[in-house]
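To start, the structure under review is shown below, and the notes come after it.
Chain A is the first sequence line, chain B the second, and so forth, proteins listed ahead of strands; every chain is numbered from 1. Hydrogens, waters and symmetry mates play no part in the numbers below; they use all other heavy atoms, side chains included. Since the structure is predicted, the reported quantities are computational estimates derived from the model, not experimental observations.
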Amino acid sequence: MIRVQTEDFDAGALLNGLMDDPAAGAVATFTGTVRDDSGTLTALTLEHYPGMTEKQLQALADEARRRWPLSAVVIVHRHGRLVPGDRIVFVGTRSAHRAAAFAACEFLMDWLKTRAPFWKQEQHGDSRSWVEAKSSDDTAADRWT
Amino acid sequence: MIRVQTEDFDAGALLNGLMDDPAAGAVATFTGTVRDDSGTLTALTLEHYPGMTEKQLQALADEARRRWPLSAVVIVHRHGRLVPGDRIVFVGTRSAHRAAAFAACEFLMDWLKTRAPFWKQEQHGDSRSWVEAKSSDDTAADRWT
Amino acid sequence: MDLFYFAWLREKVGTGSEQCALPAEITTVAALIDWLKTRSPGHATAFADLALVRVAVNQDHAGLDAPVRDSDEVAFFPPVTGG
Amino acid sequence: MDLFYFAWLREKVGTGSEQCALPAEITTVAALIDWLKTRSPGHATAFADLALVRVAVNQDHAGLDAPVRDSDEVAFFPPVTGG
């Protein structure tokens, strides 16, 4: 299941939705929220590329299923205006074994960070700036190639 | 939070409980359920060592916090009689960054598998047998030493 | 050709999307960018440092040497920062 | 000394726990096991292959050469299979 939406999501309900298969064995999830390291973040606005976003997230999910034996993949990513503490992204993977569930979940987050067309703009008071991509994200994504 | 219990747990509620810190950033979870690869599993009974279990799980959580900057660690492990599809274990970690949350969650599961004093007995019909430890679990745990 | 701009490239170009009739002699992303830079000072500024620019052709990531034709959808944006 | 047995070691010994007065000359886990093997055929069977046996002293994992004394809590069990 791939969802790109402005609405909030219930991470717990998404996890419980992944638990409904008796043959599941192992479910790994990642949930990301808006941090405010500076203490001055007013808002974080996520722009995305409608169409390409869904296409790229589906391609990521397909690639994860090609690499690991997964019985379910869930990716939910928000866009629009968020404030500190808001949920941004949920990734959940289900497999018979924990190593596959963990690896696929981490892979999806790493590749999502470098391939899904989202851009963050920070607002501190009246000042707005685009968040720059981190080289550490490229390094993390390169692990899987 | 460390819990060793016979009662079922709500994995989604545990995940949502980890989301309550606005500074969280990243939450990783793992949930394990009883699989029935054979199609003949009647029940899985987990025996444990009361006292040592809690002590070892707390030691694992402390070690994870020593290795990674975590703002929360949750471990819930059931014992007693379970049937296929039942939840067995939940591990959740919260950090500012996803790499730490993922690594700590996987570390906790790997070490739990080789250090927490639980023993599984499988029941197929009237036949009962103790599950043997897997060398793959030792290999996974050795990654972290 | 449908062109899309995102994040600060959108702001510098001054629009999120535009359409153009691609000259026949332009057959690569690199040539397309050189041509777009002549369209306005905003375009020129947006494409001043190509190390900061990423490209998608028909919603797939592409390099500067990727082929383009008039029926393509081409997007320009900074390195992505989702997740 | 408080002794605990778990999983198939419990079944072979025939009890999950017992108390004993540790002879003064027994100062290591290995010596304790040798002594316990003389207590019953069940004990002897449980400890027949020490490669299959794990030990905890005072609820911490311990090796065969770990020191023990009468006030300790010592447990024997197969490799753990939780999670």
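Of the atoms belonging to A:His48, it is backbone heavy atoms, and not side-chain ones, that fall under 4.5 Å from chain C. Within the 4.5 angstrom heavy-atom criterion, only side-chain atoms of C:Phe4, from C-beta onward, approach chain A.
The OG1 atom of A:Thr114 sits 7.5 Å away from atom NE2 of C:His61, with the distance rounded to the nearest 0.5 Å. To the nearest 0.5 Å, atom CG of residue A:Asp137 and atom OG1 of residue C:Thr81 are 9.0 Å apart. Taken from CH2 in A:Trp130 to CG in C:Leu52, the straight-line distance is 14.5 Å, to the nearest 0.5 Å. Expressed to the nearest 0.5 Å, how far CE of A:Met52 lies from CZ of C:Phe77 amounts to 4.0 Å. Atom CZ of A:Arg115 is separated from atom CG of C:Asp60 by 10.5 Å, given to the nearest 0.5 angstrom.
Listed options C:Pro79, C:Ala56, C:Ala75, C:Gly82 were ranked by heavy-atom pairs under 4.5 angstrom with chain A; first place goes to C:Gly82. Interface check for chain A: of the options C:Gln59, C:Glu11, C:Arg10, the most heavy-atom pairs under 4.5 Å are formed by C:Gln59. Taking A:Phe118, A:Tyr49, A:Phe30 one by one and counting their heavy-atom pairs under 4.5 Å with chain C, the maximum is reached by A:Tyr49.
Applying the 6.0 Å contact sphere to CZ of A:Arg65 captures more than 12 heavy atoms from other residues, nucleotides or ligands. In this structure, C:Arg69 places its CZ atom where only 12 or fewer heavy-atom neighbours from other residues, nucleotides or ligands lie under 6.0 Å away. Surrounding CZ of A:Arg128 are at most 12 heavy atoms belonging to other residues, nucleotides or ligands under 6.0 Å away. Atom CD of A:Glu132 has 12 or fewer neighbouring heavy atoms from other residues, nucleotides or ligands inside a 6.0 Å radius.
Only one option out of C:Trp8, C:Tyr5, C:Phe6 pairs with A:Trp119 in a ring pair (Phe, Tyr, Trp, His ring centres under 6.0 Å); it is C:Phe6.
Looking at A:Lys120, its side chain never comes within 3.5 Å of a backbone N or O of C:Val80 through a donor-acceptor pair.
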